[in-house]
*Asks:* 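One structure, as structure tokens, below. Some questions next.
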Protein chains: 2
Amino acid sequence: MKLTTKGRYAVTAMLDLAIHAKASPVTLQDISGRQGISLSYLEQLFAKLRKNDLVKSIRGPGGGYQLQGAADSVNIAKVIDAVNESTDVTACGGKGNCHDGQQCITHDLWCELSEQIHSFLSGITLQDVIDKQQLKKQNQPSTDKGAESLTHNTFILSQVG
Amino acid sequence: MKLTTKGRYAVTAMLDLAIHAKASPVTLQDISGRQGISLSYLEQLFAKLRKNDLVKSIRGPGGGYQLQGAADSVNIAKVIDAVNESTDVTACGGKGNCHDGQQCITHDLWCELSEQIHSFLSGITLQDVIDKQQLKKQNQPSTDKGAESLTHNTFILSQVG
DNA sequence: ATTTACCCTACTATTTTACTCAGGTATAAT
DNA sequence: ATTATACCTGAGTAAAATAGTAGGGTAAAT
């Protein structure tokens with residue numbers, strides 16, 4: 001599990017799609033303008049998103065991209081994994097044969113934690129993120145500083161449970 | 001919130017410290033050997049960990065590093081933030097002044113999600129990760145494939161709640 | 001036929017990562 | 001005191017990832 005700006009771009013673009021591509025598809029040009037990502041870079045990201053069946057494309061004039069499924073069927077982990085593809089990460093090639101026992105402990109620990117993070121992000125869909133934002137907007141019209149931690153935890157619980 | 005191999009190294013090293021530095025401090029030489037990270041790179045990482053009061057150093061022969069606090073008082077988010085330092089991330093400088101309303105929506109959505117992830121990792125301490133691994137070892141002596149998701153979620157719930 | 005907008009490959013600049021080198025300083029042991 | 005240890009620091013550097021450019025294609029709507 002890797003969480004870089006690349007994955008951020010992908011998630012941001014997917015959220016943009018989820019919001020704007022209700023009826024007609026959205027062009028990469030539009031996303032590029034709204035999110036400040038270069039068109040060609042978006043094309044590269046969407047090539048990967050398409051290969052992973054996360055989006056579908058419509059060619060020609062009036063064409064663009066749409067989510068392949070519903071916004072509540074696409075989770076964040078899938079999106080990030082799609083653009084990152086094949087992060088082996090493990091020093092010993094995942095076979096756990098890096099010398100004898102002791103050496104491998106912390107290595108295993110990290111793998112365990114990495115799975116936790118992945119599992120966590122698998123439980124959050126694009127729709128969840130959008131809904132949460134709507135809720136926040138309603139509760140706090142303009143000023144929005146402070147008192148964050150509590151609402152976060154309740155959100156997490158509602159997602160996982 | 002960024003989750004790169006750099007952060008992985010830092011977390012791995014901290015876990016190594018938590019396990020080995022019970023009585024006497026641990027040298028970077030030792031961690032370097034166990035975890036396969038170059039000594040000088042470790043020195044750079046630990047300089048940042050020290051500045052953030054996550055570890056304390058003992059100089060001279062017999063010296064090395066120890067955790068500043070107890071293993072259950074250090075959370076994963078702190079460790080990762082310490083070595084990454086200042087990820088502005090936001091395209092509009094966090095002031096939310098990137099044009100009018102619409103443009104900023106997905107931007108806000110990502111920030112929201114990013115906070116969720118941060119909050120999630122703040123709820124997991126080094127000790128938690130170690131404990132979880134111990135538990136896994138006991139339940140499954142050697143073969144450890146399949147049936148993962150369920151135990152993960154219970155772990156997450158126990159951490160956050 | 002022309003325009004639109006996806007599609008694809010290769011190339012390049014920038015940044016980050018990970019490491020090396022070359023010194024220093026505090027401390028324990030002799 | 002001297003020496004060895006191991007932290008500390010900064011500058012430089014190779015490799016990789018990120019982000020973007022360039023230059024072509026192809027499918028489809030007008």
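All values reported here derive from a predicted model rather than from experimental measurement. Side chains are part of it too, since the values below use all heavy atoms of this structure and drop only hydrogens, waters and symmetry mates. Naming convention: chains lettered A, B, ... in sequence-line order (proteins, then strands); numbering from 1 in each chain.
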*Asks:* Output all residues satisfying side-chain hydrogen bond (donor to acceptor under 3.5 Å, both in side chains) with A:Thr27, sequence neighbours left out; order by chain, then residue number.
*Replies:* A:Asp30
*Asks:* Just grab all the ring-ring contact (aromatic ring centres under 6.0 Å, His included) pairs involving residues 51-71 of chain B, residues at least two apart or on different chains.
*Replies:* B:Phe46-B:Tyr65
*Asks:* Provide the closest heavy-atom pair for A:Thr125 versus A:Asp72 in the form atom of the first, atom of the second, distance.
*Replies:* CG2-O, 3.3 Å
*Asks:* Sequence neighbours left out, what passes side-chain hydrogen bond (donor to acceptor under 3.5 Å, both in side chains) with A:Asp16? Give chain and number order.
*Replies:* A:His20, A:Arg34, A:Gln35
*Asks:* Suppose we screen for side-chain contact (heavy atoms from CB on, under 4.5 Å). Which residues come up paired with B:Tyr9, at least two apart in sequence or across chains?
*Replies:* B:Ile37, B:Tyr41, B:Leu45
*Asks:* Using side-chain contact (heavy atoms from CB on, under 4.5 Å) as the criterion, list what pairs up with B:Asp131, not counting sequence neighbours.
*Replies:* B:Gln127
*Asks:* Mind grabbing the angle between the end helix axes of the helix from C:dA5-D:dT26 to C:dT30-D:dA1? Five pairs an end, 10° rounding.
*Replies:* 20°
*Asks:* Report the residue (A:Gly63 or A:Ala47) whose heavy-atom-nearest nucleotide on DNA chain C is the more 5′ of the two.
*Replies:* A:Gly63
*Asks:* Take atom CD in B:Glu43; do more than 12 heavy atoms of anything else shown fall under 6.0 Å from it?
*Replies:* yes
*Asks:* Identify, with sequence neighbours excluded, every residue that meets side-chain contact (heavy atoms from CB on, under 4.5 Å) alongside A:Lys56.
*Replies:* A:Gln66, A:Gln68
*Asks:* Please list, in 5' to 3' order, the outermost nucleotides of DNA chain D lying under 4.0 Å from any heavy atom of chain B.
*Replies:* D:dA4 to D:dA11
*Asks:* OP1, OP2 of C:dT17 versus side-chain N and O of B:Thr4: anything below 4.0 Å?
*Replies:* yes
*Asks:* Over how many whole Å does the gap from A:Lys48 atom NZ to C:dT9 atom P extend?
*Replies:* 12 Å
*Asks:* Residues in side-chain contact (heavy atoms from CB on, under 4.5 Å) with B:Arg59, at least two apart?
*Replies:* none
*Asks:* What is the separation between atom CG on B:Leu45 and atom P on C:dA18, rounded to the nearest whole Å?
*Replies:* 9 Å
*Asks:* My understanding is that only residues two or more places apart in sequence, or in another chain, count here; which of them pass side-chain hydrogen bond (donor to acceptor under 3.5 Å, both in side chains) with B:Asn52?
*Replies:* none
*Asks:* Sugar-phosphate means primed atoms, P, OP1 and OP2; the rest is base. With that split, encode nucleotides 19-28 of chain C 5' to 3' as B, S or - using protein heavy atoms under 4.0 Å.
*Replies:* BBB---BSBB
*Asks:* Checking B:Thr4 now: which residues fulfil side-chain hydrogen bond (donor to acceptor under 3.5 Å, both in side chains) with it, not counting sequence neighbours?
*Replies:* none
*Asks:* Distance check needed: C:dT17 P versus B:Lys6 NZ, whole Å only.
*Replies:* 5 Å
*Asks:* Let me know the distance between CD1 of A:Ile31 and C1' of C:dC6, rounded to the nearest Å.
*Replies:* 12 Å
